[in-house]
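The figures that follow rest on heavy atoms only: side chains count, while hydrogens, waters and symmetry mates do not. Positions are given from 1, in the same order as the sequence printed here. In listed order, ligands and their atoms are each counted from 1.
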Amino acid sequence: MHQLTLAEIARGLAEKKFSSEELTKTLLARIALLDPQLNSFISLTEDLALQQAKAADARRANGESGALLGAPIAHKDLFCTQGIRTSCGSKMLDNFKAPYDATVVAKLAAAGTVTLGKTNMDEFAMGSANESSYYGPVKNPWNLEHVPGGSSGGSAAAVAARLLPAATGTDTGGSIRQPAALTNLTGLKPTYGRVSRWGMIAYASSLDQGGPMARTAEDCAILLQGMAGFDPNDSTSIDEPVPDYSASLNGSLQGLRIGVPKEYFSAGLDPRIAELIHNSVKELEKLGAVIKEISLPNMQHAIPAYYVIAPAEASSNLSRFDGVRFGHRCENPKDLIDLYKRSRGEGFGPEVQRRIMVGAYALSAGYYDAYYLKAQKIRRLIKNDFMAAFNEVDIILGPTTPNPAWKLGAKNSDPVAAYLEDVYTITANLAGLPGLSMPAGFVDGLPVGVQLLAPYFQEGRLLNVAHQYQLNTDWHTRTPTGF
Ligand code: GLN
């Protein structure tokens, strides 16, 4: 039963082959058995899951249907869940129980999903390896000595190991697409404003976006359908109708113009990954797509711009964790300043502290123009590059990451080495565009992802291309040994 996709689960439940309660019990037992190897969950919510599963079974018995009714999922632990610990992977929020549900959590619960738990993540979503979590690193089910990617590494490892069919993630600079690539999943970062950020603990508000992680594009379409939509509680949510994502999966790719940026194939890219990307291009050509070389000339400035803007916003967002309003409070403070200093010093890990300092520096008087303002100008140039490219092509294709999953600890002493791994993903966040990563093959037994980018609100096009690719390839069906 653990091999079933969301689409297959929906069919099985509709045909009464099994109940949501049976499925939920099976998966909870599997998590208890296998997750100790992976550490992909921070909290399990067994009681809630069984209660939601029984309620979903009762709704089906009353004649209700729906692709998510009775479907087991998990939420990245930065989506607020009422009465349940929402830690954001940090000691700062280790005993924070959210007073309300995030919009995404509430919408998915209303659609009938069953929440099995909250998944592990990099602290405050800062990282690309899931090693900055206060709750310990997550292991990659394809090789337990390697990282699963981050920051949504818990969601990725759990879905890849078939502990559950799908999970939510968030993507500020690649945190859905990169762990999806490193664990052989399909993951979608929607257009900025497509999915509500209300109740999603903020990292960098102008970049953060929630989205689905699953094994197939078909399942991402199902989960995104339950997550997307206008939310008056999020001032950057966009009031744009949500199309039927499953309905457009079968569109023909005949004549689809795919742009491949020449800058993507630079020296930093593992040549074995480059070869797999070229293979995926050939596969799409067979399906009728037309390939065109394009240029994104400002791509080289994306990492420096992102690593100014994201920490700047983080330094502002994280100022609320002061031991008074929110978060960990130190013992016996001498005075107010001592309370702030020690609460924040004890509550935040080293990567978060580094980013707060970088961000506060970039925003300080005298440096603002040189760093923050400059980074914002680069951001506009990057967006303009994409706008020009999308005048010529319908989709942009390239690698999701320059390398496969690295060994645990390999980049710990050099944060910049980890930042460089985000080179292909962060441009979509800077421009607010939707992006998807899907399985494209293996290097040394480790999964490789191909990334597709589309114009604003063209999530349906991304899912359509990925689904057609998956109908003609079997990379996404491979299961890690031992799981
Ligand atoms: N790796 C990037 C960072 O550390 C992206 C993280 C994310 O998307 N949340 O900022």
Side-chain angles (χ1 to χ4, degrees), residues 75-79 88-90 119-133 137-138 147-156 167-182 185 187-190 192 195 197 200-213 302-318 348-359 362 375 379 400-403 405-406 410-412 414-437 449 451:
H75 292 293
K76 183 175 182 178
D77 205 19
L78 58 56
F79 285 98
C88 222
S90 184
T119 56
N120 204 342
M121 56 180 283
D122 277 304
E123 186 177 8
F124 283 97
M126 298 174 189
S128 312
N130 215 119
E131 291 182 293
S132 73
S133 170
V138 175
V147 302
S151 64
S152 313
S155 289
T168 57
T170 64
D171 192 311
T172 304
S175 283
I176 288 177
R177 291 161 289 155
Q178 185 256 17
L182 302 193
L185 298 185
L188 174 68
K189 178 202 99 70
Y192 183 75
V195 168
R197 292 184 298 109
M200 232 173 79
I201 296 175
Y203 162 16
S205 310
S206 77
L207 303 159
D208 296 343
Q209 189 59 200
M213 302 178 78
I303 289 184
Y306 173 88
Y307 278 98
V308 170
I309 294 169
E313 294 187 18
S315 75
S316 165
N317 276 327
L318 271 57
F348 291 134
E351 185 59 29
V352 174
Q353 294 192 23
R354 180 179 299 120
R355 303 229 186 163
I356 291 173
M357 285 191 279
V358 168
R379 185 174 189 175
T400 308
T401 63
N403 294 296
W406 56 93
K411 293 186 199 276
N412 276 357
D414 183 1
V416 176
Y419 299 170
L420 292 174
E421 292 293 321
D422 299 335
V423 61
Y424 297 115
T425 49
I426 55 182
T427 51
N429 303 77
L430 290 169
L433 292 167
L436 174 148
S437 179
Q451 177 177 242

(request) Find all atoms of ligand 1 within a distance of less than 4.0 Å from any non-hydrogen atom belonging to Tyr306, and give their numbers and elements. (result) 2 (C), 3 (C), 5 (C), 6 (C), 10 (O)
(message) Under 4.0 Å, counting heavy atoms only: does Tyr307 come that close to any atom of ligand 1?
(response) yes
(request) Just jot down the ligand 1 atoms closer than 4.0 angstrom to any heavy atom of Ala125, in number order. (result) 6 (C), 7 (C), 9 (N)
(message) Which residue in the set Arg177, Gln178, Lys189 passes side-chain hydrogen bond (donor to acceptor under 3.5 Å, both in side chains) when paired with Gln451?
(response) Arg177
(message) Tell me whether Ala310 reaches ligand 1 (any heavy atom closer than 4.0 angstrom to a ligand atom).
(response) no
(request) Side-chain contact test, heavy atoms from C-beta onward, threshold under 4.5 Å: evaluate it for Ile303 versus Leu420 and give yes or no. (result) yes
(message) Taking a cutoff of less than 4.0 Å between a non-hydrogen atom of the residue and any ligand atom, is Arg355 in contact with ligand 1?
(response) yes
(request) Measure the shortest side-chain to side-chain distance between Phe79 and Thr170 over non-hydrogen atoms and say whether it is less than 4.5 angstrom. (result) yes
(message) Quiz question: by atom type and distance under 3.5 Å, do the side chains of Asp77 and Asn120 form a donor-acceptor pair?
(response) no
(message) Give the atom numbers and elements of ligand 1 that come within less than 4.0 Å of a heavy atom of Ser151.
(response) 9 (N)
(request) Ignoring angles and geometry beyond distance, decide whether Asp171 reaches within less than 3.5 Å of ligand 1 through its nitrogen or oxygen atoms. (result) no
(message) Residue-level breakdown please: for Asp422 versus ligand 1, do any non-hydrogen atoms fall below 4.0 Å on the side chain, on the backbone, on both, or on neither?
(response) side chain
(message) Any nitrogen or oxygen of Met126, side chain or backbone, less than 3.5 Å from one on ligand 1?
(response) no
(message) Regarding ligand 1, does Lys76 bring an N or O atom to under 3.5 Å of one of the ligand's N or O atoms?
(response) no
(message) Please confirm whether the ring centroid of Phe124 lies under 6.0 Å from the ring centroid of Phe348.
(response) yes
(request) State which residue, out of Leu188, Ile176, Thr400, fulfils the side chain to side chain contact (heavy atoms under 4.5 Å, CB included) condition with Leu436. (result) Leu188
(request) Give the atoms of ligand 1, by number and element, whose distance to some non-hydrogen atom of Gly173 is under 4.0 Å. (result) 5 (C), 7 (C), 8 (O)
(request) State the CZ-OG1 distance between Arg379 and Thr427, to the nearest 0.5 angstrom. (result) 11.5 Å
(message) Please evaluate residues Met213 and Thr168 with respect to the criterion side-chain contact (heavy atoms from CB on, under 4.5 Å), reporting the C-alpha separation (whole Å), side-chain torsions for both, the decisive distance (0.1 Å), and the verdict.
(response) CA-CA 6 Å; Met213 302 178 78; Thr168 57; over 6 Å; no
(request) Check whether the side chains of Ser152 and Lys76 place a donor and an acceptor atom closer than 3.5 Å, and report yes or no. (result) yes
(message) Please report whether ligand 1 has a polar contact with Ser175, defined as an N or O pair separated by less than 3.5 Å (distance criterion only).
(response) yes
(message) Within ligand 1, which atoms have a heavy atom of Tyr203 less than 4.0 Å away?
(response) 3 (C), 9 (N), 10 (O)
